[in-house]
Structures are given as C-alpha cells and as structure tokens.
A.B. asks: 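Encoded as structure tokens, here's the structure I'll be asking about.
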Amino acid sequence: MLEKNLLPASFEQRLYEGWEAAGRFGAHPESAADPFTIMIPPPNVTGSLHIGHALTFTIQDTLIRWRRMQGRDALWQPGTDHAGIATQMVVERLLAGQGVQRRDIGREKFLEHVWEWKGQSGGNITRQLRRLGASLDWRRERFTMDAGLSEAVREVFVTLHEQGLIYRDRRLVNWDPKFQTAISDLEVESREMKGSLWHLRYPVEGEAGRFIVVATTRPETMLGDTAIAVHPEDERFRDLVGKFAILPLVGRRIPIVADEYSDPEKGSGAVKITPAHDFNDFAVGKRHGLAMPSVLDAYGAVMLEEIEGDLAALEGVADPAFVRSLSGQDRFEARKAIVAELERLELVETIEPHSNAVPHGDRSGVPIEPRLTLQWYCDAATLAKPAIEAVETGKTEFVPKHFENIFFSWMRDIQPWCISRQLWWGHQIPAWYAPDGSCFVARTEEEALAQARQKLGADVALTRDEDVLDTWFSSALWPFSTLGWPNKTPELDKYYPGDVLVTGWDIIFFWVARMMMMGHHFMGAAPFKTVYIHGLVRDEKGQKMSKSKGNVIDPLELVESFGADALRFAIASLATPGRDVKLGRKRVEDFRSFGTKIWNAARFCEMNGIGPDASFDPSKVETPLARWILDASNAAILEATAALEAYRMDDYAGACYRFVWNSFCDWFLEFAKPALNGPDTAEKAEVKGAAQYVLGTILKLLHPVMPYLTEELWDRFGYGPDCSLIGESWPQPVAVPGAEAARAELDWLVSLISAVRGVRSEMNVSPSVTVPLLAQGATPETLARGARWIDAIRRLGRATEFRAPEAGEAVKGAQVTVGEATILLPLAGVIDLAAERARLMKERDKAQAEGAKVAQKLGNADFVARAKPEVVEENRERLAAAEAEVARLDAAMARIAE
RNA sequence: GGGCGCUUAGCUCAGCGGUAGAGCGCCUCGUUUACACCGAGGAUGCCGGCGGUUCGAAUCCGUCAGCGCCCA
C-alpha cells in the first residue's frame with residue numbers, strides 16, 4: 001500500500017543510487033542508436049549548487065531523459081572546470097589561515113596543495129547534482145586539468161601558434177592589481193562611480209602665462225602623459241596644435257596634437273594623453289607615434305623607472321623631489337598627493353563632480369588598471385568567422401532566435417583575446433625561452449630543446465613561460481576534449497557535434513562563442529546544432545540573487561523541504577523562453593501539490609485494484625469512457641512531445657498538469673467510480689484496464705521532469721522492475737476506435753454536470769438537496785446518454801433522476817440550458833423564483849449581446865466578402881446558437897412567470 | 001549614445017491577426033472514504049497611451065511613456 005502522504009525523502013536517494021548502479025545514465029558508443037548529446041557547461045570546481053544551476057540542469061536533465069526514453073543513445077557529459085583564479089584564491093586563503101604564503105612554498109608545492117584540496121572538496125557540486133536527479137554519465141566525468149584535456153590544450157595552443165593565430169604581443173591589457181594578473185575584457189565589468197573631473201592647467205611652452213586646460217578623471221596618471229589632444233575642428237585650440245605644453249610636476253615637454261578622439265563637448269575640450277594607462281589614449285599614442293611610459297606598477301603603485309630621465313625642475317611648475325616622493329605610493333594615495341601639489345601650484349582650474357563608468361575586475365571587485373605588458377593573444381577575429389557563418393546560415397541555431405543578435409554583435413567586433421594569466425593554477429603555457437630571449441612553442445620540453453638546438457646551433461638551458469592559460473581556453477575545447485581529442489576515439493566519432501547546448505545568456509560570449517570558434521577550427525563543425533538560451537533566476541521581486549543582498553535561495557534546502565520533483569516541476573513550469581525566472585520558496589511550495597495529486601490519484605487506483613495489465617489492448621476498447629480518456633491521453637502525448645521538441649518546458653509541464661489534474665483526476669476517475677464500485681462486469685474490467693494504461697502513460701510523460709515520484713510509483717505498482725521507468729520508451733498515441741463519438745458523449749456529460757453544478761451553486765442550493773433533472777426539448781440521443789450515465793449524473797450532479805418531463809408536467813424551479821435541451825430542476829420550494837428569473841434574464845442579456853455582436857459582423861458586407869469562408873461560417877453558427885439560446889431562456893422564464 | 005527585451009486579472013506569466021487564458025491569491029459553499037498540498041462554484045481585464053495597416057488588432061507597423069538588461 002502506498003503511504004497516505006507523499007514523502008520524497010523516503011525514496012529519492014535510493015532511486016538515484018539504483019539508477020546509477022544499474023548504469024542507467026551511461027551512453028553506449030557501441031550501440032547503433034542515434035546519439036543525443038548534451039555537454040554540461042562545466043561548473044566551477046570550487047562551486048556549490050545554486051538556484052541557477054538548478055534551472056539549467058533541470059532543463060538539461062529533462063531533455064536528456066526524454067530523448068533517452070525516445071530510444072536515443074543519450075550522452076550527458078559531466079565534469080567541472082578548474083577555475084584558475086577562483087581555485088587559486090580558495091587555496092591561498094586556506095594556506096594563509098595556516099600562516100603560509102604561496103610564494104614562500106613555491107609553485108610545485110603550492111600545486112600539490114591545490115590538487116589535495118580538489119580531491120577533498122572538488123566533488124561538492126557533483127554530489128549536489130545527484131540530489132537534483134541529474135542523470136549525467138558519471139563514468140565519463142572529466143576535469144579540465146585532466147591529463148587528456150591538458151594534452152588537448154597543448155595541442156590546440158601549439159597548432160594555433162604554428163598557424164599564427166596565437167602570438168605574443170606588447171599592448172595594453174586589463175590588469176587586476178588584486179590578483180596580479182591580466183584578465184580578458186570579458187572579465188571586466190564597468191561600474192558607475194561618483195568621482196570628479198579635474199580641470200588641470202598645463203603651461204604652454206614659450207608663451208609665459210598661457211595655459212591649456214585639460215580635463216581628466218585620473219590625475220594620478222599625468223606623470224605618464226606624453227601629449228595633449230584637441231579636436232581638429234576646435235577653433236579654441238587651433239593655434240596651439242603643433243606646439244608643446246609643459247607637463248606639470250614632471251617638466252617634460254609634450255606635444256599638442258589634433259585627434260578626433262578629443263570631444264569638444266566634454267570637459268575642457270582638451271584631453272591629456274597617457275598611452276600606457278588608458279585604452280583610448282593608447283590608440284591616440286599609436287596614431288601619433290608617442291612614447292608610452294608606464295608610471296604604475298603591478299600593484300597599482302607609482303613607479304618612476306620609465307620617467308626618471310624626464311624629471312626636471314621648473315620653478316612653480318615641476319619639482320623632481322615631489323615626484324620622487326610619490327614612488328611606491330598607491331594609485332589613490334598618489335592621486336590625492338598630486339592634486340594637492342597642483343592646487344598648491346595653482347594649476348587646478350576647477351574640480352567638477354562627475355560620474356563615470358570605471359572598469360572593475362568581476363572577481364576581485366577592484367578597479368582594473370590598464371597596463372602595457374607582454375602577453376599571449378589569440379586571434380579571435382579569424383577564428384570567429386566560421387562561427388558567425390554557421391549561425392548566419394542556420395547550421396547552428398539559437399533558441400530563442402533573438403539571442404543571435406547578442407552573439408553577432410560581439411563576434412563581429414571581437415578583439416584579440418588575451419589568454420595568458422599570471423597564475424600558478426592552470427595549464428602552463430607550452431613556451432620556452434632561451435637566454436637570448438628567443439621563444440620556442442612546443443608540445444614538450446624535448447621538442448622545445450630540439451627547436452632551440454636547430455635555431456641556435458647549440459644546446460641551451462631553456463626556461464618555461466611561467467604563465468597559465470585563461471580557464472575559458474580549456475573550456476572552449478570541452479565539446480571535443482572530453483571525447484578524447486586529439487586522439488581519434490569512437491566517442492568523438494559518434495558524439496561530436498552534439499545536439500543542444502543549454503545555458504544562460506550571460507555566458508554566450510565567455511563560453512558559447514569560444515566553443516564555436518574552437519570547434520570549427522579543430523573539428524570542422526560547430527560543436528552543437530542548437531543553442532538553447534534560458535533566462536537567469538531572480539528572486540520573487542525580480543532582483544538578481546546575490547549573497548550581499550541576502551536574497552539567495554538554496555536549491556538543496558528546497559529539495560529537502562519539498563522534494564527534487566517539486567523544485568524541478570516548478571522550474572520547468574516557469575521557464576518561459578528567454579525570460580528570467582522569478583522564483584521563491586513559495587512558488588516551489590505551490591507546485592508541490594501537483595506531486596501530491598499524482599500520488600493520491602495513484603493511491604486511489606491502487607485501492608481499486610488498478611495495476612499493470614499487459615494484456616490490455618487500447619485499440620480494442622468499447623466503452624465511451626475508456627475511449628475518451630485514451631483519446632485525451634493521446635492528445636496529451638502529442639502536446640507534451642511537441643512542447644519538448646520546441647524547448648517549451650513551460651508548455652510541456654502545463655500539458656501534463658492539465659491532463660493529469662483536469663482530465664484524469666477531475667473527470668475520468670470520478671466517472672469511473674460507479675463502475676469501480678459496482679459488480680465485476682466487462683465494463684468495469686475495461687475501465688480498470690484504461691486506468692492502469694493511462695496511469696502508466698502519465699508516469700512516462702512526467703518522468704523527464706519528475707523522475708523520482710514517477711519512478712517510485714512505476715516500481716511500486718510493478719509496471720516494471722525497480723529503476724526501470726528511466727529506460728522505458730516514450731509514449732506514443734494509440735489508435736482509439738470511435739474516439740470522436742466518445743468525445744461528443746463525454747463532453748456533453750461534462751457540460752451537463754458543470755451546468756447543473758453551476759446553477760445550484762449560484763442559487764445556493766445545498767449539496768444535500770437532490771432533485772430530478774427534467775430535460776425539456778431534449779433529443780432522444782440526449783435522453784439515451786442521460787440514461788447511460790445516470791450513476792455519474794446522480795453522484796456528481798446531486799440528482800435523483802434524468803428524464804424528459806411528462807406531458808403537461810408543470811415544473812417550477814431553476815433551469816439551465818445544455819445543448820439543445822433546457823434542464824429543469826424542480827426547486828420551487830427551495831429557491832427564490834424571482835431571483836431565478838433575474839438570473840435567467842442576465843443569461844438572456846448575455847446571449848442577446850453576443851448574438852448582436854455577431855449579427856453586426858455578419859451585416860458587414862466587407863466581412864462576408866473578405867474574411868476566410870470558415871470564419872464567416874463559424875460566425876453564422878454562433879449567431880444561430882445565440883438566437884436559440886435566447887429562445888430557450890425566454891421559454892424558461894415564461895415557465896416560471898408569476 | 002547604440003542595441004535588445006518587457007508592459008495582458010490583485011500577483012506571476014501564457015497567448016502574438018478571427019468568441020481574452022492559466023496558476024496562485026480572493027469570495028461563497030462543502031466531513032459525497034484518493035487527495036483540505038482537497039472538491040464545487042464565483043468575481044476580477046478600455047491586453048501601457050496615441051496614431052496607422054486590415055473586413056477584423058492584445059496580436060502587425062509607427063510613435064510616446066515607464067521598467068529591466070546588454071554594449072560603449
């Protein structure tokens with residue numbers, strides 16, 4: 001017997017272990033079945049499951065379980081990425097707790113600690129994924145730092161280098177002073193900051209008393225100024241172009257150049273140019289061949305090495321001693337000191353409040369410092385071309401389609417990708433340097449040595465590049481590196497390219513785009529056919545969830561409270577395409593009742609001896625009830641399947657919900673009760689057969705989204721061996737004889753009972769009062785139907801009998817029209833006839849208004865001439881129906897007239 | 001500044017040319033043995049404003065307003 005209450009915690013773990021132990025999640029490269037592949041977006045190895053993961057993995061698991069049931073050889077590739085900065089941070093913090101600094105113990109020792117940490121804590125998220133029910137092929141779990149994946153990284157790096165698509169370059173890079181590493185432009189987010197716009201007076205050379213005023217938000221970088229730029233069209237400065245200004249504090253002479261970068265509308269119209277510390281200034285510097293001295297070091301502190309030679313003393317303008325005093329000061333301290341000194345020298349014109357977008361490291365949260373350094377770059381523009389083309393030609397499709405715009409906008413204007421990171425944890429760059437500085441990129445040190453020998457003519461000691469690669473570099477290879485590439489493997493053959501990539505729009509650039517670039521370049525094809533982009537999870541007020549706001553909800557807590565199925569079903573129901581999902585505890589709690597409903601319906605079946613019956617043949621059923629529910633079940637199968645094919649999780653969940661609750665429970669089981677309570681007839685056997693068949697269909701249909709509950713019921717009922725539903729085949733519609741007639745009959749019955757219930761409720765008739773239903777003007781067919789369903793009508797309609805009124809039988813009471821008939825409920829003593837007349841009048845008015853509206857439409861010659869014939873016909877029918885309804889209501893009112 | 005999305009019942013959202021929908025909430029009634037995480041019934045909408053296209057617009061086009069996001 002099923003327990004009275006649904007207790008997900010009592011079976012979830014057992015079922016998951018059962019599935020996993022039986023190898024139910026495994027892909028079968030050797031099978032002939034069509035593959036269906038989803039590559040997991042590898043979660044960060046330091047991470048733990050948050051609600052956003054719950055969303056994306058619920059969708060992925062639903063798709064993978066559904067396709068697996070459809071007979072596809074499903075591969076859902078699991079794994080995690082090594083998260084360079086995040087992981088290094090975590091371990092550094094741990095070591096700091098023991099008083100150990102990374103640099104004290106050295107690289108090798110530090111990496112040992114990282115691996116140790118990974119062994120202990122790195123599996124967190126994969127354990128949590130299991131609680132969610134995610135059916136990943138765990139035997140194939142990969143990690144981006146695995147030997148195989150690392151080999152793939154080296155192979156890609158060396159190949160792209162050989163092809164000239166990876167190169168070293170000295171240019172401005174986003175430097176994170178906290179983590180002491182370069183980061184890519186994607187890892188920078190701009191934050192609106194309140195600051196000041198300082199208007200500084202730079203003396204014009206040779207024109208005593210004349211100044212050119214420049215406006216800047218970063219006065220501390222002035223030490224590195226090498227020019228002043230004004231707009232070529234700006235009359236105010238025309239005579240100054242080509243002249244020189246004296247850089248205050250430093251004393252360097254700097255040219256005044258004309259460049260369109262300077263915006264006459266902004267600030268003073270003149271802008272100081274610091275090529276080594278600003279991306280725009282860098283471009284100006286290139287255009288005008290300016291020197292590019294750096295004046296801030298890796299920590300964002302002032303350094304003077306590169307401008308030492310420029311320092312000059314100029315009375316009232318520049319003082320080398322002051323500048324030297326800045327050496328080693330933090331950039332923000334230096335800013336204060338410099339502004340104070342300039343104010344003392346009366347070289348500050350004005351200071352206006354100003355807010356501007358300041359780039360911050362997305363992980364460190366500190367302002368990014370553009371720095372001129374030597375880094376490794378990947379020629380993303382070249383790699384992007386085939387990826388762009390694949391989307392343009394529809395070889396790769398975004399769902400919803402409008403996300404293509406985001407993809408295109410970035411890909412068509414893509415910048416060189418800085419791939420080197422000054423970290424220890426990650427894939428060390430396979431480049432070696434000879435003492436003379438020559439660089440050798442090779443798969444192994446031996447190869448590098450051989451190259452060096454060839455080039456330099458002698459054996460030299462090589463030192464390896466200390467830097468590692470951006471984590472996303474290895475993630476970009478994920479769709480093929482996990483399958484064994486660069487080796488040729490059966491997996492690579494069968495599962496590449498994959499079918500669908502599921503992810504949020506926030507990582508289209510980080511990951512989707514880069515996978516496409518690498519996939520095209522190394523595999524000759526996009527790594528997936530469809531990119532399904534879902535929204536992000538927000539709290540109930542629509543705010544982004546964040547720890548600092550304290551509005552995060554823990555998916556595991558929700559699983560504990562309501563069960564994984566409730567969380568999953570809630571997510572699926574709310575996952576409208578491309579839209580962010582507002583999710584709170586309450587929403588999940590609400591959806592829990594659906595699982596309870598199924599559980600109780602199953603209990604009811606169990607109590608009535610409804611259970612698996614392999615001999616039941618749905619194509620042989622004869623009773624209208626069985627035909628009707630099987631037909632409705634067919635419709636539900638088609639709807640659910642179509643929704644999944646269209647990635648409409650909400651429609652899939654909705655179709656299942658409506659079928660289970662509104663068809664199976666509300667009507668079918670209720671209609672079945674008389675037969676189930678009666679003697680063992682052929683009819684009863686057929687109803688039971690249909691019930692068990694449809695219950696089985698429901699369990700199959702819902703299994704992808706509610707795997708635990710459905711499997712538990714499947715097993716407990718004995719539809720199959722334990723843990724077998726996951727491997728069952730996806731339901732198909734069956735041919736149901738006489739479906740149309742059954743639908744007409746049951747639809748009539750439902751509307752009769754609904755109408756009777758409605759009028760009784762409106763007239764406040766207690767359910768304890770039962771009355772005959774007298775069908776005025778009913779056809780013989782209607783009367784026959786009433787006779788066939790008399791038990792259900794009695795039970796659900798609180799009726800004693802259903803028949804035509806006798807000739808001359810005068811009945812006063814409530815009345816309601818159903819189809820061609822008017823149903824009379826003799827309630828003269830129970831209800832207020834005046835109120836009933838008023839109610840009928842209201843109904844009549846409604847029918848009348850409807851009829852008038854349709855009549856007006858039909859009276860429009862243009863409508864009749866131009867609208868589609870079927871629409872015109874439909875309106876003619878509606879008019880006739882409305883007129884007949886008015887007539888019946890008139891008759892009804894006449895019947896109870898005073 | 002450029003681009004995208006959203007605005008439909010109290011709330012959350014479907015619908016995207018032919019009779020305005022769902023879930024939750026709300027109100028009324030209910031101990032009919034599957035289910036109160038329930039059942040029956042009910043109320044609630046100038047489908048953001050204004051123009052246009054069309055026989056017909058929540059749906060298509062334009063425009064304005066508000067909200068949100070992305071890129072500079």
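Order of the sequence lines sets the chain letters (A, B, ...), proteins ahead of strands, with each chain counted from 1.
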A.B. asks: Return the nearest nucleotide to the side chain of A:Lys853; candidates are B:C38, B:U19, B:C55.
C.D. replies: B:U19
A.B. asks: When we call it a touch if two heavy atoms are under 4.0 Å apart, what does A:Thr576 touch: a base, just sugar-phosphate, or nothing?
C.D. replies: sugar-phosphate
A.B. asks: Check the distance between B:C38's C1' and A:Arg592's CZ and give it to me in whole angstrom.
C.D. replies: 13 Å
A.B. asks: What nucleic acid atoms does A:Arg603 come within less than 4.0 Å of, heavy atoms only: base, sugar-phosphate, or nothing?
C.D. replies: sugar-phosphate
A.B. asks: Hey, mind stepping through A:Phe569 and A:Phe594 against ring-ring contact (aromatic ring centres under 6.0 Å, His included) and telling me if it holds?
C.D. replies: CA-CA 9 Å; A:Phe569 193 80; A:Phe594 182 51; 4.7 Å; yes
A.B. asks: Which nucleotide in the set B:G18, B:U32, B:C24 lies at the smallest distance from any side-chain heavy atom of A:Lys857?
C.D. replies: B:G18
A.B. asks: By the 4.0 Å heavy-atom rule, please label A:Glu606 as base, sugar-phosphate, or nothing.
C.D. replies: nothing
A.B. asks: Could you please name the option among B:U19, B:C13, B:A34 that lies closest to any side-chain atom of A:Arg579?
C.D. replies: B:C13
A.B. asks: Indicate yes or no: does A:Glu404 engage A:Lys401 in a salt bridge with an N to O separation below 4.0 Å.
C.D. replies: yes
A.B. asks: What's the closest nucleotide to the A:Lys597 side chain, out of B:G41, B:C35, B:C13?
C.D. replies: B:C35
A.B. asks: Output the rounded distance in Å from CG (A:Asp666) to C1' (B:G41).
C.D. replies: 13 Å
A.B. asks: At 4.0 Å (heavy atoms only), tell me whether A:Arg658 reaches a base, stays on the sugar-phosphate, or touches nothing.
C.D. replies: nothing
A.B. asks: For the side chain of A:Trp505, counting heavy atoms from C-beta on, which of B:C69, B:U12, B:C37 is nearest?
C.D. replies: B:C69
A.B. asks: So A:Lys846, base contact, sugar-phosphate only, or nothing? Heavy-atom distance under 4.0 Å.
C.D. replies: nothing
A.B. asks: Determine the contact category for A:Glu670: base if any of its heavy atoms lies under 4.0 Å from a base atom, sugar-phosphate if only primed atoms, P, OP1 or OP2 are that close, otherwise nothing.
C.D. replies: base
A.B. asks: Report which part of the nucleic acid A:Tyr657 touches: base, sugar-phosphate, or nothing (heavy-atom distance under 4.0 Å, all strands).
C.D. replies: sugar-phosphate
A.B. asks: What nucleic acid atoms does A:Cys605 come within less than 4.0 Å of, heavy atoms only: base, sugar-phosphate, or nothing?
C.D. replies: nothing
A.B. asks: Classify the nucleic acid contact of A:Ser593 as base, sugar-phosphate or nothing, counting any heavy atom under 4.0 Å across all strands shown.
C.D. replies: base
A.B. asks: Under 4.0 Å, counting only non-hydrogen atoms across every strand here, what does A:Lys4 touch: a base, just sugar-phosphate, or nothing?
C.D. replies: sugar-phosphate
A.B. asks: Is the terminal nitrogen or CZ of A:Lys586 (NZ for Lys, CZ for Arg) located under 6.0 angstrom from the six-membered ring centre of A:Phe591 and within 45° of that ring's axis?
C.D. replies: no
A.B. asks: Identify which nucleotide among B:U32, B:C69, B:C24 has an atom closest to any side-chain atom of A:Asp590, counting heavy atoms from C-beta outward.
C.D. replies: B:C24
A.B. asks: Regarding A:Arg794, tell me which of base, sugar-phosphate or nothing describes its non-hydrogen contacts under 4.0 Å with the strands shown.
C.D. replies: nothing
A.B. asks: Nearest to the side chain of A:Arg757, heavy atoms from C-beta on, is which of B:C6, B:G41, B:C29?
C.D. replies: B:G41
A.B. asks: Passes side chain to side chain contact (heavy atoms under 4.5 Å, CB included), A:Val694 versus A:Phe668? Steps please.
C.D. replies: CA-CA 10 Å; A:Val694 173; A:Phe668 172 73; 5.9 Å; no
